[in-house]
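What follows is a single structure, written as structure tokens, with notes after it.
Bear in mind that the values here come from a model prediction, so they are computed numbers and not experimental data.
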Amino acid sequence: MGDYVKVFTANEMLVCYSTINKLVNLLPADLFLRIHRSYLISIKKIDFMEGNYVKIAGKDIPVGQTYKEILLKKLMN
């Protein structure tokens with residue numbers, strides 16, 4: 001979406017004027033992790049991981065190959 005991102009909360013979807021890179025720099029790294037070029041997630045909301053997907057609130061979110069090793073290390077800690 002260019003310089004707009006969709007932010008999904010437990011109750012709603014918001015459209016914000018920002019980029020994912022800006023959000024990565026603003027949000028605490030111990031709570032949020034980029035797992036795909038198009039997805040930044042709350043680590044605490046992960047239900048489980050299977051293959052190249054994480055399940056959050058019943059939704060499958062893809063994990064990019066570039067980000068998979070970092071995610072696995074984060075989940076092991």
Side-chain angles (χ1 to χ4, degrees):
M1 290 183 60
D3 285 345
Y4 289 89
V5 294
K6 290 181 182 177
V7 177
F8 292 89
T9 70
N11 302 318
E12 61 187 329
M13 187 269 297
L14 308 166
V15 177
C16 301
Y17 182 72
S18 184
T19 64
I20 290 183
N21 283 334
K22 287 179 187 175
L23 291 178
V24 167
N25 293 324
L26 288 173
L27 296 169
D30 58 326
L31 300 176
F32 292 88
L33 185 65
R34 189 165 189 176
I35 62 164
H36 187 277
R37 64 185 289 267
S38 300
Y39 293 94
L40 173 67
I41 63 164
S42 169
I43 297 166
K44 291 183 177 184
K45 297 294 181 179
I46 296 173
D47 296 323
F48 64 90
M49 181 176 177
E50 184 175 45
N52 290 329
Y53 289 89
V54 293
K55 182 78 82 171
I56 298 177
K59 305 280 185 194
D60 288 331
I61 311 291
V63 177
Q65 288 295 69
T66 307
Y67 305 93
K68 189 171 184 176
E69 185 177 336
I70 297 165
L71 174 61
L72 290 172
K73 286 181 183 177
K74 194 74 148 179
L75 292 176
M76 295 299 170
N77 291 333

Tell me, yes or no, whether the heavy-atom count around Lys68 atom NZ, taken from other residues, nucleotides or ligands under 6.0 Å, exceeds 12. yes
How long is the straight-line distance from NZ of Lys44 back to CG of Leu33, given to the nearest 0.5 Å? 14.0 Å
Reported CG-to-NZ distance for the pair Asp47 and Lys59, which is rounded to 0.5 angstrom: 12.5 Å
Rounded to the nearest 0.5 angstrom, the CD1-CD1 distance for Ile35 and Ile41 is 4.0 Å
Heavy-atom count around Glu12 CD within 6.0 Å, excluding the residue itself: above 12? yes
Hphob cluster co-occupancy, Ile61 + Ile70, side-chain heavy atoms under 4.5 angstrom: yes
Do Val63 and Leu75 share a hydrophobic cluster, counting only Ile, Leu, Val, Met, Phe, Trp and Tyr and linking them when any side-chain heavy atoms are less than 4.5 Å apart? yes
Answer yes if Tyr67 and Val54 sit in the same cluster of Ile, Leu, Val, Met, Phe, Trp and Tyr residues linked by side chain heavy atoms under 4.5 Å apart, and no otherwise. no
Rounded to the nearest 0.5 Å, what's the gap from NZ on Lys6 to CG on Leu14? Could you check? 12.0 Å
Between Phe32 and Val24, does a side chain to side chain contact (heavy atoms under 4.5 Å, CB included) hold up when you go through it step by step? CA-CA 8 Å; Phe32 292 88; Val24 167; over 6 Å; no
Is Tyr39 reachable from Ile46 through a run of hydrophobic residues whose side-chain heavy atoms are each under 4.5 Å from the next? yes
Name the residue from His36, Arg34, Met49 that meets the side chain to side chain contact (heavy atoms under 4.5 Å, CB included) definition with Leu71. Met49
Can you hop from Ile56 to Phe48 via hydrophobic side chains spaced under 4.5 Å? no
Hey, could you give me the CD1/OG distance between Ile20 and Ser18, rounded to the nearest 0.5 Å? 9.0 Å
